[in-house]
Structures are given as C-alpha cells and as structure tokens.
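Below is one structure, written out as structure tokens, with a few remarks after it.
In what follows, chains carry the letters A, B, and so on, assigned in the order in which the sequence lines appear, proteins first and then strands, with residues in each chain numbered from 1. In what follows, every heavy atom counts, from backbone to side chain, and hydrogens, waters and symmetry copies are set aside.
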Protein chains: 4
Amino acid sequence: MHRNKQQTGRPRDTRVDAAITAAVIELLEEVGYTGLTVAAVAERAGIGKASIYRRYAGKHEMAFAAIIHGRTLEVPPDTGSLLGDLTALARVIVGHLTNPGAATALMSLLGEAAGDPALASRFTRTFVEPERAGNAELLERAVRRGELARMPDVDLFHAMFGGTVMSWLFICHHDPHDLPERLARFACAALLSTTTTPAISR
Amino acid sequence: MHRNKQQTGRPRDTRVDAAITAAVIELLEEVGYTGLTVAAVAERAGIGKASIYRRYAGKHEMAFAAIIHGRTLEVPPDTGSLLGDLTALARVIVGHLTNPGAATALMSLLGEAAGDPALASRFTRTFVEPERAGNAELLERAVRRGELARMPDVDLFHAMFGGTVMSWLFICHHDPHDLPERLARFACAALLSTTTTPAISR
Amino acid sequence: MHRNKQQTGRPRDTRVDAAITAAVIELLEEVGYTGLTVAAVAERAGIGKASIYRRYAGKHEMAFAAIIHGRTLEVPPDTGSLLGDLTALARVIVGHLTNPGAATALMSLLGEAAGDPALASRFTRTFVEPERAGNAELLERAVRRGELARMPDVDLFHAMFGGTVMSWLFICHHDPHDLPERLARFACAALLSTTTTPAISR
Amino acid sequence: MHRNKQQTGRPRDTRVDAAITAAVIELLEEVGYTGLTVAAVAERAGIGKASIYRRYAGKHEMAFAAIIHGRTLEVPPDTGSLLGDLTALARVIVGHLTNPGAATALMSLLGEAAGDPALASRFTRTFVEPERAGNAELLERAVRRGELARMPDVDLFHAMFGGTVMSWLFICHHDPHDLPERLARFACAALLSTTTTPAISR
DNA sequence: CATTAATCGAGACGGTACGTCTTGTCTTGCA
DNA sequence: TGCAAGACAAGACGTACCGTCTCGATTAATG
C-alpha cells in the first residue's frame with residue numbers, strides 16, 4: 001500500500017488492524033457494502049477514522065482487505081476422480097459465495113472495480129490469479145490420472161466454473177443446493193469431450 | 001412498476017421518460033455509474049428531479065430502467081447448426097457487455113441488488129427471465145434439428161453461458177475477441193455429451 | 001387582483017372561495033403560516049390547486065385574504081370616557097392578536113411584506129388604514145366629549161397603540177391579561193398630557 | 001448554544017463562525033431573508049454546508065445568530081434630561097430597524113418565531129431581555145435625576161417604545177425622519193404624567 | 001534519560017449527492 | 001369555461017458520507 005517509510009516514531013498498533021478487519025466484516029453482514037461507512041467502522045472498532053485512512057486509500061481498499069482476509073480458495077483434496085474433484089470445487093465456491101456479507105460485498109466490490117481499473121487489477125492479482133492457479137492444479141491432476149488426454153482451455157474453464165456459480169446465485173437467484181452436482185457433471189462432460197480429440201486450434 | 005392508478009389528473013408525459021433514458025445512457029458513457037448523478041440527469045434531460053423520483057424509487061431504479069431499455073436480448077437468427085447458434089449468441093452477449101457504460105452500470109447494479117431483494121427480483125423478472133427464455137428457444141431449435149437428443153438443463157446452461165462471459169470480462173479481464181468461438185465450442189461439446197445418453201437424474 | 005374578465009364561460013363557484021378560506025384558517029391554526037402549503041389547502045378544501053391560483057397571486061395573497069376575512073376592527077361602542085374607550089380598544093386588539101393561527105400568520109405575513117412592497121402596500125390599504133380611521137374616530141369622540149383639548153398626533157397614537165400590543169405579545173411574550181388596563185391608562189395619560197397645552201409644533 | 005462538551009477532537013474554527021456571520025449579513029442585504037439560502041451562505045463563506053448545520057439547527061438559527069451579532073442595543077449616553085435620553089434611544093432603535101437587510105430579516109425571524117417556541121424563547125433571551133434592561137437603566141437615570149417620582153411600568157414602556165417604532169416602520173410604513181422627537185415627546189409626557197401621582201395599583 | 005517523530009482517538013473541515021418538499025404553471029377529462 | 005386531479009420545471013432543504021485536517025495525548029526507538 002503506502003508503507004515503507006517506517007524508520008522512527010511510534011509503530012503501528014497491530015490491534016488496530018485487527019479491529020478494523022473485524023468491524024468491517026461485522027458491518028458488511030449487517031448493512032452490506034453500500035451501507036458500510038468508514039465512520040461506522042471506526043466507531044465499531046473503537047478507533048479514529050485517521051487510523052483507517054493511514055492504512056487504506058479509501059473505503060474500497062478497506063473493504064477489499066477485510067473481505068479477502070484469509071479467503072484463499074485452497075484446492076479441495078484429491079477425490080480420485082475428475083467428477084469428484086469438480087463437485088468438491090463447486091461446493092467450495094458455492095460455500096464461499098453463499099457466505100452472507102462477504103458475498104454481497106464481493107459483488108459490490110466487483111461493481112466498483114468495473115469503473116476503477118486500479119481496484120480491478122488489484123482484485124485480479126489477489127483474488128482471481130490464485131483461483132485460476134488452483135483450477136489449473138485440479139485439472140492437471142486429471143491429466144496425470146489419465147482422465148483427460150491433455151490440458152483443456154484453463155482460462156475458459158476458470159471463467160466458466162466460477163462465473164456459472166456467480167450467475168446462478170446472484171443473477172438467476174436459483175437454489176444452490178444441487179448446483180455442485182449439476183455443474184460438475186456438465187463441466188466434466190465438456191472437459192472430457194473437448195480433450196479426447198486432439199486440440200485443433202489453440 | 002407502480003402505475004395503474006391513473007384515472008384522473010394530467011397524464012405522464014412520455015417525452016419525459018424518453019429524455020430521462022437518453023440522459024442516463026449519455027451520462028453513463030461519460031462518467032460511469034458511480035459518477036452518475038440524479039441532478040445531472042435531470043439537467044441533461046431538461047426536466048426536474050421530481051419527475052425522476054415520481055417514476056423511480058432512486059438512482060438504482062432509474063439506471064436499471066435506462067440500461068435495460070430495449071435491450072431484449074433477442075435470439076440470434078438460426079444459423080443452421082448448434083455451434084453456429086451458440087457462437088452467435090455469445091457474440092450478442094459479448095457485444096452487450098462490452099458496451100461502455102452499460103456494462104459498469106450493470107455490474108454496479110448487480111452489487112446493489114445483492115443487498116436489495118426488491119431490486120433483485122425486479123432485475124430477475126425484467127432481465128433474466130427473458131434471456132433464459134431466449135436460450136431455451138435456441139436449444140429447442142437444436143432439438144428440433146436433431147442435434148440434441150433431448151432438452152438439456154436449461155437453467156444451468158443459461159447461468160453458465162452468460163456467467164462465463166461476465167466472469168471472462170469483469171473478473172478475469174481477458175480479451176473478448178475470440179471468446180465467442182471458444183465458449184461456443186466448449187458449450188456445444190458439453191451439450192452434445194450430456195444429451196446423447198438419456199438423462200439419468202433430473 | 002386579476003378578476004373582472006368574467007363575461008363568459010362557467011361562473012366561479014362561490015363554495016370554492018368559502019372552502020379555501022375555511023381550509024386556510026384551519027390549517028393556520030394547525031401548522032402555522034410557514035407550515036402552510038397550497039397543496040394542503042387544496043386537499044383540505046377538496047379542490048384543485050389551480051382554483052386557488054386562479055383567485056390569488058400566491059400563497060401570501062391566499063393567506064392574507066383568509067386572515068382578514070371579516071376582521072374589520074370596528075370601533076368599540078362609546079363607553080363614555082376616553083379611558084374606557086381605550087381599554088375597550090385594547091381589549092379588541094388583544095383579542096384579535098391572541099386568536100391562535102391568525103396571529104402567527106399575521107406576523108409571518110408582516111415578515112414577508114418587509115421584503116415585498118406590493119404585498120406591503122396591499123396590507124396597509126386593507127388592514128392598516130381602516131384601523132387608523134377607527135382610532136381617529138375614537139379620539140374624536142374624546143375631543144367632542146371635551147376630555148381632549150384638541151386632536152392628538154393620530155399617526156403616532158395609532159402606531160403606538162397597536163405596536164405596543166404586538167410587541168407585548170410577540171416580542172416580549174408577556175401575559176396579556178391585564179395589558180388593556182395598563183396600556184389604556186398609559187396612553188390616556190399621554191394623550192391628556194400632550195393635548196392640554198396647545199400644540200407647539202406640527 | 002449547545003457547546004461545552006468539547007474536551008476532545010478538533011476544535012471549532014472560529015474563522016468559520018466569522019465567515020458565516022459575514023456571509024449571512026452580506027446576503028441578507030443583497031437578497032433578503034426569504035432569498036437567503038444555506039447553500040449560498042456556505043459558498044460565499046467558502047465553507048461547507050455541514051459546518052453551518054453543525055452550529056445551527058437550520059436557516060432560522062443561522063440568520064438569528066448573524067443578525068444579533070454585536071447588536072447589543074447599548075444605552076445611549078446620558079443627555080441630562082429624560083426627553084433627551086428618550087430621543088436618543090428612539091434614534092438608536094430607528095437606526096437599527098432601518099438598517100437594510102437586518103430589519104427585514106428581523107421581521108421575518110419574528111414571523112418564524114411566532115410558530116416556533118424554541119426560537120421565540122431564544123430570541124427573547126438574547127435580544128429582548130438586554131434591551132429591556134437598557135430601557136430600565138435609562139428610566140432609573142431619570143428617577144435619580146428627580147425627573148420621575150418613581151419607577152414607571154418598565155415592561156409596558158419597553159413594549160411600547162420598541163413596538164411603536166416597529167409598527168411605524170413596518171406596519172404603517174411612515175417616514176421615520178421625525179419619529180424620534182414625536183415618540184420621545186409622547187413617551188415623556190406619559191411617563192411624567194403616570195409617575196407624579198403615587199401608583200394606585202401595581 | 002531525554003528527545004523525537006509517528007501513532008492514537010476524536011471530531012471539525014470543505015465538498016457533494018441524496019431524496020423530500022414546495023411553488024406556481026400546465027394538461028388532462030368531466031360537467 | 002370552471003373544476004379536481006395531478007404532472008411538470010425549478011430549486012432549497014436538511015441529512016449523510018467521503019477523505020483531509022487539526023488537536024492533545026501516547027508510545028517506542030534513537031541519541
């Protein structure tokens with residue numbers, strides 16, 4: 001962010017950082033991203049507004065930092081089959097996106113990012129890239145297992161898998177309870193079908 | 001919306017509706033959704049703020065109405081093959097979502113809707129449902145053509161197709177130029193593969 | 001106002017005039033002059049706003065017309081003495097100004113008139129002049145009676161008598177119950193004292 | 001007003017108070033009380049609207065504070081005689097009330113106060129009470145001088161003196177040029193006449 | 001140990017958008 | 001034409017929030 005000029009003077013109080021993050025998460029669940037105010041965060045955290053702006057460039061950064069706090073979408077453990085792995089992955093994503101507060105915040109953040117390239121690129125780097133890497137790892141397992149003849153179009157798979165869950169939940173507002181199975185079966189069919197024959201283009 | 005109690009008094013001036021929509025669309029391209037101001041819309045449209053708030057409950061509704069104005073994603077004409085139809089559909093969706101202004105507005109609106117069930121349901125009814133119907137029609141063509149043995153999971157296909165484009169553009173920030181072909185090929189493979197064998201469940 | 005072009009067409013409905021006046025008086029007592037709105041008057045009177053603006057040039061005129069409706073401060077009957085007449089006059093004025101609604105409206109109207117010469121001159125003509133004439137008549141009675149050697153400074157007396165009541169009630173917020181006697185005694189003393197000796201100037 | 005809870009935080013900037021007062025006074029003379037706008041005051045003063053609403057409950061309070069700023073009607077110096085003192089006092093009052101802007105503002109404020117007890121009581125405390133005290137002091141000088149046998153009815157005198165000027169100017173719209181002499185002579189006569197004989201009642 | 005400099009809570013600051021309200025005019029359809 | 005209903009343009013109102021800036025008090029590392 002804008003650290004690294006910290007030679008002398010009173011050091012930052014780490015309890016303040018923790019208090020901010022906690023307050024943001026609480027308030028996001030209570031009032032949503034739009035209803036979130038910096039003043040409210042400061043009050044809930046028992047700190048001053050300046051201590052927030054000393055750490056983050058604005059409301060976006062603050063919310064962003066709090067939302068991604070510890071939310072590394074780790075790859076689910078190997079289930080022995082591609083279909084199983086995909087089902088597990090879908091369950092993880094659904095779990096994350098149905099988490100109240102964080103989910104709506106994420107969507108709002110996405111909206112903000114649509115008009116703020118700097119925020120968008122930070123979002124991509126911290127959130128999207130690791131997820132893509134996780135997806136790639138999962139697909140590589142299937143290749144090693146022999147289920148897939150070769151690596152499929154990872155970018156497309158990645159956009160498709162997460163995008164479908166997002167659309168299902170936030171655009172279509174469908175019930176997510178059997179989505180993981182349906183999505184996994186669909187994606188599995190597509191992957192098997194597109195990788196059995198050698199890639200023609202790309 | 002909240003009309004149909006309009007027996008008496010001066011009727012709404014349809015030119016006002018048109019002016020609002022036009023002003024919103026213009027301003028969205030100039031300043032984006034976040035920079036959009038109700039006062040600015042009123043000024044640009046040459047109307048009073050009250051005439052906006054008489055029609056819409058707030059900025060969200062106003063932007064929503066303007067964005068979806070005439071944007072009924074009509075089904076692309078029959079190309080003779082499922083792959084062709086899917087490619088055309090993807091092109092239409094990409095075209096809509098890369099339309100400057102409208103896109104960022106849509107994402108922001110989605111963010112708002114995530115915390116506003118009323119807005120969300122209205123969004124679904126006016127935007128999502130017609131799109132789903134269009135997708136269904138396209139798939140029915142393939143069934144009639146004999147390319148698909150039976151109707152696939154329309155809800156899933158619908159969420160997948162649009163969600164993938166959205167994720168590709170606004171989350172992954174990839175270049176959309178060859179997305180239609182890649183997505184269509186992927187989706188086509190999945191559909192063929194999941195419908196050749198009789199449906200096991202569902 | 002803007003009457004006298006009433007040759008043809010449907011004649012004005014006199015019940016509308018009555019309804020307006022009644023509604024204004026009611027609302028003045030309920031919400032005061034500042035809280036008075038033309039729309040509220042129209043609704044209460046069961047009429048349309050246009051019917052008000054067809055009669056009065058604005059809120060001021062409407063309130064003004066309603067307030068002065070039948071409030072011609074006629075001179076109290078002869079009590080046989082100047083002191084008695086002055087006490088009676090003071091009682092009448094106090095009675096008018098303590099009338100809830102009308103009083104606060106009058107003050108507000110005065111405030112508006114301070115910045116609106118047209119309103120001010122109309123106010124003077126319809127309200128102030130008749131009152132001055134009444135005061136003069138009362139003083140003439142005292143002259144005829146022989147209590148006063150000659151006519152005192154009527155303009156000053158007029159401004160003083162009404163102004164004192166107004167100030168007492170609306171600036172000092174004193175209890176009006178014994179004001180008539182105190183004011184009458186004071187004024188009587190002044191009048192007797194300034195008229196026994198021949199007028200030096202003026 | 002509502003201060004004295006100011007232990008911590010950034011203190012109020014007194015230059016802001018001064019800027020508000022100055023801007024209000026300027027604008028009152030330019031556009032009058034009715035034409036006065038909180039936004040215009042803020043802009044003219046080079047401050048934010050919030051800084052006004054942080055200090056005053058609304059337009060009324062703001063105007064009130066600015067109008068009374070430094071307008072303590074100090075007692076005119078001893079002229080050696082009651083008539084002289086009264087003439088001087090009348091001149092001061094006339095001077096204040098003919099001051100453009102402030103005067104019409106005062107009347108408008110009075111109108112508002114007629115329907116707002118809180119504003120009225122504040123008006124009384126800060127504006128009326130000191131004036132009454134000044135009048136009392138002036139009358140005491142006459143008693144000490146021996147011109148008056150005893151203290152007259154101060155409340156009545158106070159209401160009468162100011163009320164007469166107000167009425168003369170804003171209700172009767174008479175020329176104020178010789179008012180001080182006429183009023184002083186009238187009041188002097190009344191005071192002498194009512195205090196030579198011992199008070200009967202009160 | 002004293003100095004120093006950045007931290008802390010608190011909250012005022014300039015700016016600006018919001019959504020409501022009111023004013024006075026205009027436009028329907030009915031009588 | 002008058003009338004009730006209510007839409008219209010204009011713009012002020014008071015609230016809320018943002019991100020910056022003081023204030024006085026605290027707190028570690030440096031000299």
Do K49(D) side-chain atoms and E43(D) backbone N/O form a donor-acceptor pair below 3.5 Å?
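Not confirmed, K49(D) side chain does not pair with E43(D) backbone.
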
So, T37(D) side chain and A40(D) main chain: donor-acceptor pair closer than 3.5 Å or not?
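Checked: no pair found.
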
Quiz question: going by heavy-atom distance under 3.5 Å, is there a donor-acceptor pair between the base of dC13(E) and the side chain of R10(D)?
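No such pair is found, so the answer is no.
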
Can you say whether a donor on the side chain of K49(D) sits under 3.5 Å from an acceptor on the base of dG14(F), or the other way round?
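When only heavy-atom distances are counted, K49(D) does reach the base of dG14(F) through a donor-acceptor pair under 3.5 Å.
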
Which residue lies more 5' along DNA chain F, comparing G48(C) with G58(D) via nearest heavy atoms
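Between the two, 5'-proximity favours G48(C).
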
Residue pair A50(A)/V16(C) against DNA chain F: nearer the 5' end by closest nucleotide is V16(C)

Spacing of [X] atom [atom1] relative to [N] atom [atom2], expressed in whole Å:
X: R12(B); N: dA5(F); atom1: CZ; atom2: C1'; value: 13 Å
X: Y33(C); N: dT23(E); atom1: OH; atom2: C1'; value: 12 Å
X: R44(D); N: dA12(F); atom1: CZ; atom2: P; value: 14 Å
X: H60(A); N: dC17(F); atom1: NE2; atom2: C1'; value: 13 Å
X: R15(D); N: dC23(F); atom1: CZ; atom2: P; value: 9 Å
X: L36(B); N: dG19(E); atom1: CG; atom2: P; value: 11 Å
X: D13(A); N: dA5(E); atom1: CG; atom2: C1'; value: 17 Å
X: Y53(C); N: dT27(E); atom1: OH; atom2: C1'; value: 17 Å

Would you tell me if any nitrogen or oxygen in the side chain of [X] comes within less than 4.0 Å of OP1 or OP2 on [N]?
X: R54(A); N: dA6(E); result: no
X: S51(A); N: dC8(E); result: yes
X: R55(A); N: dT7(E); result: no

D17(A) with R12(A): basic N within carboxylate O range, under 4.0 Å:
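A salt bridge is absent here (no side-chain N lies under 4.0 Å from a carboxylate O).
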
Hey, are E61(D) and R55(D) close enough for a salt bridge, meaning a charged N less than 4.0 Å from a carboxylate O?
no

In terms of side-chain heavy atoms of K59(B), which of dC18(E), dA7(F), dC8(E) is nearest?
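Nucleotide nearest to K59(B)'s side chain: dC18(E).
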
Looking only at the side chain of V38(A) (C-beta and beyond, no hydrogens), which of the listed nucleotides dC13(F), dG19(E), dG19(F) gets closest?
dG19(F)

Sugar-phosphate, base or nothing in reach of I52(B), heavy atoms under 4.0 Å:
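No contact at all - I52(B) keeps every heavy atom at 4.0 Å or more from the nucleic acid.
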
Mapping G9(D) and T37(C) to their closest nucleotides on DNA chain E, which lands nearer the 5' end?
G9(D)

Do the ring planes of Y33(D) and H60(D) sit parallel (below 30°), tilted (30 to 60°) or perpendicular (above 60°)?
parallel

